[in-house]
Peer 1: 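Take a look at this one; I'll ask things after.
Both counts, for ligands and for their atoms, begin at 1 and track the order of listing. Small disclaimer: the values here were computed from a predicted structure and weren't measured.
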Amino acid sequence: MKLSSIAIGVVALALGASSGQAAVASLWYLTFDPIDAVVGTQSGPQSVISFDPSPGSTALVDTLTEAPVEIDAFERLDANRFYFSTDTHVESGGLVIAPGDIVLSDNDSLSLAFDANAEGLSAGTDVDAVAVDDNDDMLLSFDTAIELDGNVFEDADLVRFDGSSFHPFFDAATAGFADNADVDAATGFSGGRMAVSMRAGGTVQGTAYNHGSLLLIEGDGSFGAVVFSAIEQAGTSSDIASLSAEPLGDAIFSDRFEEG
Ligand SMILES: [Ca+2]
Ligand SMILES: [Ca+2]
Ligand SMILES: [Ca+2]
Ligand SMILES: [Ca+2]
């Protein structure tokens, strides 16, 4: 009796861990690098796929670029609008896109939502992650350390852009990430919570992660937990290169999706 109740306890713990991983998002939007079949869906740097944590299924959402141009940042705003960035210069629908730009796709019509050149970024600077906060301000990560409006930001940090100036949002070093960490994907939840992915594997607060892990960052900027593992849940060792989510039980964001 005692043995079987221990065994049940272990099973419950294991289930708790996997349902905990699904608890922050009802759907993940992901791009992978390099190309791989992810739960039966061909996934790569040009196509956004969705991953439904329960039952663990995938579907193609949209193919945004043609090789060799890669999507390196993506954030869904509502059913018809999303932000994305590319890794190289490209012309699309008459729009010249630089690696530091954020493009708004609104019912398939493209415009620049963040113009890197106009905001004073050097031509080679790449935005490698984009998210939005509660106020729909853009949260940006860069591929290199950069000084903006008097603050030096590392490549693992997220910078809030309010439409005219840049502000600190997420400080990776304070959260416990190593100096060589680099955020390469991010999505915003309510209350300042986020999920991020890193360009390479490492350890944060004693927890190991790899380039296909999604890490929950709490509203106070501290590391929360690993909330998704591409290897364990989707069977791919490819890097998660961009990321968005449909939050679970998140009234503010649900409302915003409805308004869109
Ligand atoms: Ca990226
Ligand atoms: Ca970019
Ligand atoms: Ca970065
Ligand atoms: Ca990654």
Peer 1: Within the 3.5 Å criterion, strictly below it, is a donor on Asp36 or Thr236 matched to an acceptor on the partner's side chain?
Peer 2: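 Yes, a side-chain donor-acceptor pair sits under 3.5 Å.
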Peer 1: Of all the N, O or S atoms in Asp126, which has the shortest distance to the Ca ion (ligand 2)?
Peer 2: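 Looking only at N, O and S atoms of Asp126, the one nearest the Ca ion (ligand 2) is named OD1.
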Peer 1: If the Ca ion (ligand 4) is the vertex, what is the angle to OG of Ser197 and OD1 of Asp239, rounded to 10 degrees?
Peer 2: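 Vertex at the Ca ion (ligand 4): approximately 140°.
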Peer 1: Looking at Leu112, Leu77, Leu110, which one forms a side chain to side chain contact (heavy atoms under 4.5 Å, CB included) with Leu104?
Peer 2: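 Single side chain to side chain contact (heavy atoms under 4.5 Å, CB included) partner of Leu104 among Leu112, Leu77, Leu110: Leu77.
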Peer 1: Strictly under 3.0 Å, is any N, O or S atom of Ile240 next to the Ca ion (ligand 4)?
Peer 2: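 So Ile240 counts as coordinating the Ca ion (ligand 4), yes.
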Peer 1: Taking both backbone and side chain into account, is any N, O or S atom of Leu243 nearer than 3.0 Å to the Ca ion (ligand 1)?
Peer 2: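 Given the 3.0 Å cut-off, Leu243 does not count as a ligand of the Ca ion (ligand 1).
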Peer 1: Calculate the angle formed at the Ca ion (ligand 2) by OG in Ser85 and O in Pro99; 10° precision is enough.
Peer 2: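 Between OG of Ser85 and O of Pro99, the angle at the Ca ion (ligand 2) is about 80°.
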Peer 1: Any N/O/S of Val127 under 3.0 Å from the Ca ion (ligand 2)?
Peer 2: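 Yes, since at least one N, O or S atom of Val127 sits under 3.0 Å from the Ca ion (ligand 2).
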Peer 1: May I have the step-by-step check of salt bridge (charged side-chain N to carboxylate O under 4.0 Å, His left out) for Asp106 and Arg81, ending in yes or no?
Peer 2: CA-CA 5 Å; Asp106 185 343; Arg81 299 183 307 139; 5.0 Å; no
Peer 1: So how far is it from Asp149 CG to Phe161 CZ, rounded to the nearest 0.5 Å?
Peer 2: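 Reported value, rounded in 0.5 Å steps: 8.5 Å.
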Peer 1: Where the Ca ion (ligand 4) is the corner point, what angle links OD1 of Asp184 with O of Met198, to 10°?
Peer 2: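 About 80°, to the nearest ten degrees.
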Peer 1: Between Asp128 and Arg199, does any side-chain N to carboxylate O distance fall below 4.0 Å?
Peer 2: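 Counted as a salt bridge, because a side-chain N and a carboxylate O are separated by less than 4.0 Å.
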Peer 1: Which atom, counting only N, O or S, brings His211 closest to the Ca ion (ligand 4)?
Peer 2: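 Nearest N/O/S atom: O.
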Peer 1: Kindly give the atom name of the N, O or S atom of Asp128 closest to the Ca ion (ligand 1).
Peer 2: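 Result: O.
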Peer 1: Are the side chain of Glu119 and the backbone of Asp115 linked by a donor-acceptor contact shorter than 3.5 Å?
Peer 2: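 Absent.
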Peer 1: If you round to 10 degrees, what value do you get for the angle at the Ca ion (ligand 2) between Asp72 atom OD2 and Thr86 atom O?
Peer 2: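 The OD2/O angle about the Ca ion (ligand 2) sits at 80°.
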Peer 1: Any donor-acceptor pair under 3.5 Å linking the side-chain atoms of Glu75 with those of Ser244?
Peer 2: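 Yes - a donor-acceptor pair under 3.5 Å links their side chains.
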